[in-house]
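Below is one structure, written out as structure tokens; the observations come after it.
Quick caveat, the model's predicted, so the values are computed rather than measured.
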Amino acid sequence: MAGSRRILSIWLPAMAIDRWRQGSPDRREFDDRPLVLIAETAHGPRIEAANRAGKTAGARAGMMLADVRTLCPEIATAPSDPAGDLAFLEKLAAWARRWGPWSAMDAPDGVLVDVTAVPHLFGGEGALLDDVSAAFDQRHLALRAAIAPTAGAAWALAHYGPPAAIVDADIERALSDLPVAALRLDSDVLTVLRRLGLKRIGDITMIGRDALHRRFRNRKSPAANPLIRLDQLLGRVPEPLLPVIPQQMPLVQRRLMEPIRHRALLDQVVGDLAVDMARELEGKGLGARRLELGLWRVDGEVAVRQLEMAAASRDPAHICRLFATRLDDIDAGFGIEMLRLRASWAEPLALEQGDIEAGAEIHGTSLAACIDRLTVRLGPKAVSRPVPFASHIPERAQRWQPPLEAEPLVQGSLEFHARPLKMLDAPEHIAVLYATPDGYPQRFRWRGHVHEVARVEGPERIAPEWWRERGSARLRDYYRIEDECGRRYWIYRQGIVGDGRGGAPDWYMQGLCA
């Protein structure tokens with residue numbers, strides 16, 4: 001047996017429908033009309049969930065929409081959102097920790113809570129179930145709940161037992177009349193058990209284990225082996241559960257003894273909050289990318305100012321400088337009595353030698369700080385930065401995007417290519433003299449000046465991107481060259497003689513090397 005352990009199982013039979021109804025007040029009109037949520041499949045729309053009127057009309061989860069329309073032509077449909085339902089269930093599991101020290105998701109529509117040694121705080125297990133029911137009723141969520149010594153027994157009672165069921169001991173007798181579906185088995189296993197005449201849990205416990213073991217000995221998954229599920233239900237073998245641990249974002253606040261109205265005092269409090277936030281972030285090894293500053297006025301109004309940074313930071317002076325421009329339009333009213341600073345987006349930021357970055361900041365050479373200032377002053381879309389892009393063609397190897405957006409993934413195979421320090425905005429045509437059609441360049445003219453070639457390195461051949469260009473596009477041969485004055489260039493020949501894709505090859509200047 002499982003001893004004194006107590007598990008609370010919460011089942012939301014209509015979670016997808018209830019969540020859909022909460023999306024807009026206008027959706028409440030479908031409470032009395034048949035409604036189903038559908039998902040597109042290779043064979044057509046399939047029903048994922050149905051409201052009470054839809055179930056009365058014959059709709060069931062897993063049916064095809066075409067079959068249901070023959071039973072109820074006027075049934076309404078809406079697209080399902082499995083990802084949104086899973087995210088909602090995760091938040092619900094974290095919220096359910098109010099009834100126990102930890103909770104776990106029981107996808108797709110359930111939550112398990114460990115309530116061991118907790119019910120006496122609510123006045124008993126019956127009162128705890130009443131509190132659970134009242135809390136979910138306030139959120140307009142239908143539920144069934146049960147408490148038992150094991151997760152399997154609690155799940156079985158919540159899905160197939162009486163409402164608000166509680167089992168203290170002798171699980172085998174208490175659950176013997178429940179159907180075999182209460183063992184959380186796959187549909188094909190349930191079909192086999194029904195064909196064998198085993199319709200209730202008591203029927204399985206009455207026959208010998210050897211017979212079932214011979215029949216299901218090759219089934220290793222718990223959902224495919226009724227003996228494993230039965231042992232989990234009775235507490236004979238442990239059932240691992242993955243608890244939901246909500247991530248606590250750093251938050252600091254100041255409750256003021258006297259409301260403040262002057263800007264100088266406000267800046268001082270914001271500076272104190274920035275120092276506290278830096279301490280919190282440093283303790284967690286994080287840096288803030290997005291900060292939210294809330295200001296509570298005496299009359300109950302709340303003003304919120306938000307900023308995003310180009311790189312993770314926990315520098316108090318930098319945070320204060322960015323918020324300074326966001327607080328110019330704050331109306332203190334009769335005074336501000338509380339301020340709260342929250343890092344809603346944080347990234348790992350290792351400890352670093354602060355003197356180097358501080359020196360760069362003092363001399364105005366910190367790129368991230370400069371980007372943050374320009375973004376705050378000009379707007380997030382007015383500043384762009386170059387980011388690498390996976391392309392062998394040099395002029396396509398980078399793109400411009402706002403600094404607050406994440407960098408795209410880059411192919412690692414392109415990193416070993418050395419590129420010149422300065423790339424021209426567009427390749428410029430040059431005239432090149434060479435000894436043979438495919439030989440090294442000997443002399444070239446660029447921007448009205450003739451340069452003698454002293455050294456040559458190459459070629460590096462780059463083929464055209466066939467998925468982007470036409471079939472007549474010509475390949476390129478790149479050369480690193482040095483003229484008689486020691487200046488280095490990066491040029492390329494477009495095409496080769498006799499490639500059948502044009503006349504004589506053309507030469508272009510692509511960049512300048514250090």
Discussion item. Side chains of Trp446 and Glu428: any donor to acceptor distance under 3.5 Å?
Written reply: yes

Worksheet item: So how far is it from Arg377 CZ to Thr375 OG1, rounded to the nearest 0.5 Å?
Response: 11.5 Å

Fill in: pair Arg480-Val456: side-chain heavy atoms closer than 4.5 Å
no

Fill in: CD-CZ distance between Glu292 and Arg342, expressed to the nearest 0.5 angstrom
5.5 Å

Return a table of donor-acceptor pairs under 3.5 angstrom between the side chains of residues 136-148 and protein atoms on other chains or two or more places apart.
unit_1, atom_1, unit_2, atom_2, d
Arg139, NH1, Ala135, O, 3.2
Arg144, NE, Ala158, O, 2.8
Arg144, NH2, Gly161, O, 2.2

Worksheet item: If every non-hydrogen atom of Pro45 is compared with every non-hydrogen atom of Ile38, which pair is closest and at what distance?
Response: CB-CD1, 4.0 Å

Worksheet item: Is Thr325 reaching over with its side chain to a backbone N or O of Leu322, donor-acceptor style, under 3.5 angstrom?
Response: yes

Practice prompt. With salt bridge (Lys or Arg N to Asp or Glu O under 4.0 Å) as the test, would you mind laying out the steps for Asp114 and Arg97 before giving the verdict?
Written response: CA-CA 9 Å; Asp114 186 356; Arg97 293 172 72 239; over 6 Å; no

Discussion item. Nearest 0.5 angstrom please: Met249 CE to Leu281 CG, how far?
Written reply: 8.5 Å

Practice prompt. Please assess Asp168 against Arg6 for the test salt bridge (Lys or Arg N to Asp or Glu O under 4.0 Å), listing each intermediate value before the final yes or no.
Written response: CA-CA 9 Å; Asp168 295 326; Arg6 307 298 288 169; 3.2 Å; yes

Practice prompt. Evaluate the salt bridge (Lys or Arg N to Asp or Glu O under 4.0 Å) criterion for residues Arg321 and Asp372: first the C-alpha distance (whole Å), next the side-chain angles of each, then the deciding distance (0.1 Å), finally the verdict.
Written response: CA-CA 10 Å; Arg321 189 182 301 112; Asp372 291 337; over 6 Å; no

Worksheet entry | Straight-line distance of Phe88 CZ to Lys91 NZ, nearest 0.5 Å | 9.0 Å

Discussion item. How long is the straight-line distance from OG of Ser313 back to CG of Leu286, given to the nearest 0.5 Å?
Written reply: 12.5 Å

Worksheet item: Going by an N to O cut-off under 4.0 Å, is there a salt bridge joining Asp329 and Arg305?
Response: yes

Worksheet item: Distance only, no hydrogens: is a donor on one side chain within 3.5 Å (strictly under) of an acceptor on the other, for Tyr478 and Gln510?
Response: yes

Fill in: Side-chain heavy-atom pair Trp155, Leu233 within 4.5 angstrom cut-off
no

Worksheet item: Who passes ring-ring contact (aromatic ring centres under 6.0 Å, His included) against Tyr508, sequence neighbours left out?
Response: His429, Tyr492

Discussion item. When you compare the side chain of Trp102 with that of Val244, does any pair of heavy atoms fall below 4.5 Å?
Written reply: no

Worksheet item: With a 4.0 Å cut-off, would you call Asp331 and Arg297 a salt bridge?
Response: yes

Worksheet item: Is the closest side-chain heavy-atom distance between Leu327 and Leu293 below 4.5 Å?
Response: yes

Practice prompt. Find out whether Val132 and Trp99 are in side-chain contact, i.e. whether some heavy atom of one side chain is under 4.5 Å from a heavy atom of the other.
Written response: yes

Worksheet item: Would Glu48 and Arg46 count as a salt bridge (Lys or Arg N to Asp or Glu O under 4.0 Å) if you check the C-alpha gap in whole Å, the side-chain angles of each, and the deciding distance to 0.1 Å?
Response: CA-CA 6 Å; Glu48 297 292 326; Arg46 183 184 62 195; 3.1 Å; yes

Discussion item. In the structure I gave you, are the side-chain heavy atoms of Arg21 and Ile17 within less than 4.5 Å of one another anywhere?
Written reply: yes

Worksheet item: Is atom CZ of Arg340 surrounded by more than 12 heavy atoms (other residues, nucleotides or ligands) closer than 6.0 Å?
Response: yes

Worksheet, complete the sentence: Output for pair (Glu460 CD, Arg476 CZ), nearest 0.5 Å, gives 11.5 Å

Fill in: Validation row: Leu475, Ile462 side chains within 4.5 angstrom (heavy atoms)
no

Discussion item. I want to check something: taking the side chain as every heavy atom from C-beta on, are Glu308 and Gln306 in contact at a cut-off of under 4.5 Å?
Written reply: yes

Worksheet item: Just by distance, with hydrogens left out, do Arg19 and Gln22 show a side-chain donor and acceptor under 3.5 Å apart?
Response: no

